[in-house]
Trainee: 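Quick one: the structure is below, and I'll ask about it shortly.
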Amino acid sequence: MTSSGIADRDVWIRAPAKLNLFLEVRGKRGDGYHELETVMVGVSLYDSLRFRAEPGNRLDVRGSTSRRIADSLQRIPFGPENLAWRALDFLRREVGLSDRLGGTLDLFKVIPDQAGLGGGSSDAAAALLAARAGWRLNLDDRRLALIGAQIGSDVPYFLTGGAAICRGRGEQVAPIRVSRPLWFVIAKPPRGLRTAHVYAALNAPRECEASDGMERALALGRVAEIGRRLHNRLQPPAEELVPEIRHAARAFAALDCYGHQMTGSGSAYFGLFGARAPALRAAARLRGRLPDWFITSCRSLALRSAPAWMSPLRVAS
Ligand code: C5P
């Protein structure tokens, strides 16, 4: 599975955030998870990771954050409870080399946590890709996705990337086409949300919406229609838990955007724009209106082909 001489091999990789443009819950399953149909798109808001393969079996995950999300340092565990740590440990066990593969993962976090932006899952997916390169494992993408699914429902999506419809508990990923770049402004209140709490507060919908209209609008690049078709079944229970999400809805309604909603299980909210300039202007206005919130503009990464997604930026031996 691996060749010798892995010591001091550094791999750099970026881990993007995602936004859910459509999220429908199709029922609760016997295993406690919910059956989903969700359209996700990767965006240009990134954590950065450096993985250094080392001999021995010691595994360290160290973390730092950008100034804007400095408060998240108290919440994010950087030891064995970290999703990326668990991903690396799971990977080396899967290849039967847990006593011979070690390393240090440095995580520089920019994506807010407890936001529905997928930061933790994206870090775990990036860690798997970096370790596969750093440890020189001969492991195909399909097996890596199976490992990713054991770590978290969103991890297989991040291994595929771009835009995709995800089903099952989120781990069944079908890439879709987006024919033009989309611009977004993300606004996250200081309070975050735990995914499990939001699902626990959800009332099962009587009627489910289907994602095919959104898929078509994305393929045709019809921004106004994409905006009209935004849907997130988790937003009502999330608003009950964090009412500030309603402030975000009002603030975005006053802006000139094509549509707006919460992403994933929240608490981050986003607005959709057709170009960079109006997105930048909207972000500046929101910063004035929602001080203390995390506010950023970004663009979709959907035009990238899947193989370019999250490929290690640099491997130095
Ligand atoms: O898979 P992951 O660990 O990211 O999920 C976190 C929690 O979110 C789960 O423990 C579960 O409570 C909830 N969840 C769910 N249905 C899904 C995905 C997540 O109920 N499809």
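Counting starts at 1 for both ligands and their atoms, in listed order.
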Trainee: Side chains of Thr104 and Glu54: is there a donor and an acceptor less than 3.5 Å apart?
Mentor: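 Yes, side-chain donor-acceptor contact under 3.5 Å.
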Trainee: Please identify which atoms of ligand 1 are closer than 4.0 Å to at least one heavy atom of Thr195.
Mentor: 8 (O)
Trainee: Looking just at side-chain N and O atoms, do Ser153 and Glu171 make a donor-acceptor pair shorter than 3.5 Å?
Mentor: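 Distance-only check fails for Ser153 and Glu171.
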Trainee: Taking Phe270 as the fixed residue, which of Phe294, Tyr258, Phe184 is the one that meets the ring-ring contact (aromatic ring centres under 6.0 Å, His included) rule?
Mentor: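 Single ring-ring contact (aromatic ring centres under 6.0 Å, His included) partner of Phe270 among Phe294, Tyr258, Phe184: Phe184.
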Trainee: Using ring pair (Phe, Tyr, Trp, His ring centres under 6.0 Å), reason through Trp135 and Phe51 one step at a time and then give a plain yes or no.
Mentor: CA-CA 10 Å; Trp135 284 335; Phe51 176 70; 5.3 Å; yes
Trainee: Run down the list His197, Glu171, Glu35, His34 and name the one with the heavy atom closest to atom 20 (O) of ligand 1.
Mentor: His34
Trainee: Under the salt bridge (charged side-chain N to carboxylate O under 4.0 Å, His left out) rule, what do Arg52 and Asp106 come out as? Steps first, then yes or no, please.
Mentor: CA-CA 8 Å; Arg52 170 168 287 198; Asp106 284 304; over 6 Å; no
Trainee: Identify, by atom number and element, the atoms of ligand 1 in contact range of Arg169, meaning under 4.0 Å from any of its heavy atoms.
Mentor: 1 (O), 17 (C), 18 (C), 21 (N)
Trainee: Which ligand 1 atoms are under 4.0 Å away from a heavy-atom of Leu36?
Mentor: 21 (N)
Trainee: If you have a sec, work out which protein heavy atom is nearest atom 5 (O) of ligand 1 and how many Å separate them, to one decimal?
Mentor: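 Looking at atom 5 (O) of ligand 1, the protein heavy atom closest to it is Tyr33 CE2, 3.9 Å.
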Trainee: Contact between Leu272 and Leu182 at the side-chain level, heavy atoms closer than 4.5 Å - yes or no?
Mentor: yes
Trainee: Measure Tyr199 to ligand 1 on non-hydrogen atoms and call it side chain, backbone, both or neither using the 4.0 Å cut-off.
Mentor: side chain
Trainee: Using heavy-atom distances, let me know which of Gly170, Ser153, Gly264 sits nearest atom 1 (O) of ligand 1.
Mentor: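 It is Ser153 whose heavy atom sits nearest to atom 1 (O) of ligand 1.
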